[in-house]
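A short worksheet on the structure shown next.
Quantities reported herein were computed from a predicted structural model and do not represent experimental measurements.
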Amino acid sequence: DAITLLKTRLKETNDRDYAYKLSDIYKKENMMEEYKDILYKLLYELDKYNIDVYKKIKHLYSNKDWLIERDNIINKITKEESFHYYEDKLLNIYIEEKMYDDIFNTIKNEDMSTIMRYEEYLLPKYNKELISIYVKCCKSFASKAFNRNMYSELARDMLHIKKMKNSNNEYSILLEEMREKYHNRPAMQDELSQVL
């Protein structure tokens, strides 16, 4: 009765809460085909690319079969018209699957704060590349910065580069460039001197 009622409500409303309740019942009752179907409905329609649903689906496959299915899911996400909207969800999948090269390739053109959120998965392998990307980000940001808050953010980002392994050379060159190019911005120079 509960299943029939939930299925009817789901059909009428397309509310994912009903789908989640159905999935719980299917799993409890060992109705594995129905369980699998409702999980895919959640993944592709009702709660698109939710990482928890993704993990539940993963448990339904053998390791070998999963690799094929995983790639199918990833391909589906990357072909989405509004792919950028699902990028965070794709990155969660890459983290789950330890696909760190794919993380790098997905975010390497993003801003520095976005990339830094995924640093733990990219270091130490991409240390050199990240330093180079961060230097470019700082130069670009400095050219647009026009107030003390922005200068403070620039200083923090530069300090982040300084703390990275093997960054001394790139950091010194960047600092020198900031000192020379923006010598007529006392507020910027003040912020840089406070954290560096």
Side-chain angles (χ1 to χ4, degrees), residues 16 42-43 46-55 58 70-71 73-196:
R16 67 181 174 210
L42 280 160
L43 187 74
L46 304 175
D47 198 0
K48 279 183 116 170
Y49 312 121
N50 177 295
I51 191 64
D52 295 322
V53 175
Y54 175 89
K55 287 176 185 175
K58 184 179 180 177
R70 176 198 74 185
D71 291 344
I73 294 169
I74 289 169
N75 284 335
K76 206 166 168 87
I77 300 174
T78 55
K79 288 191 174 83
E80 282 279 355
E81 260 182 60
S82 50
F83 166 67
H84 196 71
Y85 180 74
Y86 299 111
E87 202 169 78
D88 283 354
K89 298 191 177 209
L90 179 62
L91 288 164
N92 285 336
I93 289 172
Y94 287 154
I95 291 166
E96 167 67 19
E97 300 296 336
K98 297 180 171 54
M99 297 169 70
Y100 302 138
D101 294 342
D102 295 277
I103 294 175
F104 177 75
N105 289 322
T106 303
I107 64 166
K108 64 184 177 186
N109 297 316
E110 299 289 343
D111 59 55
M112 190 166 166
S113 63
T114 301
I115 298 170
M116 279 163 61
R117 290 208 308 262
Y118 298 94
E119 229 179 48
E120 63 182 290
Y121 308 108
L122 303 175
L123 294 173
K125 182 177 180 180
Y126 285 104
N127 190 67
K128 191 179 173 197
E129 289 85 349
L130 289 182
I131 291 167
S132 175
I133 290 167
Y134 290 166
V135 166
K136 277 188 202 147
C137 287
C138 285
K139 286 179 183 179
S140 172
F141 186 74
S143 70
K144 298 181 198 103
F146 58 84
N147 62 34
R148 193 169 276 274
N149 281 345
M150 294 174 92
Y151 299 151
S152 176
E153 189 180 331
L154 173 67
R156 281 196 308 275
D157 287 346
M158 286 178 61
L159 183 62
H160 184 81
I161 296 171
K162 185 182 183 182
K163 288 178 176 174
M164 291 175 75
K165 279 187 182 166
N166 306 317
S167 66
N168 286 354
N169 189 40
E170 288 88 342
Y171 170 76
S172 300
I173 293 166
L174 176 64
L175 181 59
E176 198 177 320
E177 185 177 322
M178 293 296 139
R179 293 278 193 228
E180 281 179 25
K181 195 170 181 181
Y182 301 105
H183 66 276
N184 59 346
R185 294 191 192 176
M188 181 193 277
Q189 298 306 327
D190 182 44
E191 288 297 330
L192 290 177
S193 65
Q194 282 184 52
V195 295
L196 306 177

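Distance check: R117 CZ to D111 CG gives 8.0 Å after rounding to the nearest 0.5 Å. Separation of atoms CD1 (I131) and CG (L174) is listed at 11.5 Å; rounding is to 0.5 Å.
Not one N or O on the side chain of D47 forms a donor-acceptor pair closer than 3.5 Å with the backbone of L43.
Side-chain atoms of E97 and D102, non-hydrogen and from C-beta on, never get closer than 4.5 Å to each other. You'll find the side chain of K76 stays beyond 4.5 Å of the side chain of I73, heavy atoms only.
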Please set out all donor-acceptor pairs under 3.5 angstrom arising from side-chain atoms of residues 87-96, sequence neighbours excluded.
residue : atom : partner : partner atom : Å
K89     : NZ   : K48     : O            : 3.1
E96     : OE2  : K58     : NZ           : 3.0

Which pairs of donor and acceptor atoms, one on a side chain in residues 132-140, lie under 3.5 Å apart (sequence neighbours left out)?
residue : atom : partner : partner atom : Å
Y134    : OH   : E119    : OE2          : 2.7
K139    : NZ   : E177    : OE1          : 3.3
S140    : OG   : K144    : NZ           : 2.8

Sequence neighbours excluded and cut-off under 3.5 Å, please list the side-chain donor-acceptor pairs for residues 149-157, or say none.
residue : atom : partner : partner atom : Å
S152    : OG   : R156    : NH1          : 3.2

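The side chain to side chain donor-acceptor pair (under 3.5 Å) contacts involving residues 181-196 comprise R148-D190, R148-E191, R179-Q189, D190-Q194, where partners must be two or more places apart or lie in separate chains. Sorted by first and then second residue, the pairs that involve residues 113-132 and meet ring pair (Phe, Tyr, Trp, His ring centres under 6.0 Å), not counting sequence neighbours, are Y100-Y121, F104-Y126.
No more than 12 heavy atoms of other residues, nucleotides or ligands shown are found within 6.0 angstrom of OH on Y85.
Under the side chain to side chain contact (heavy atoms under 4.5 Å, CB included) criterion, I173 pairs with N169, sequence neighbours left out.
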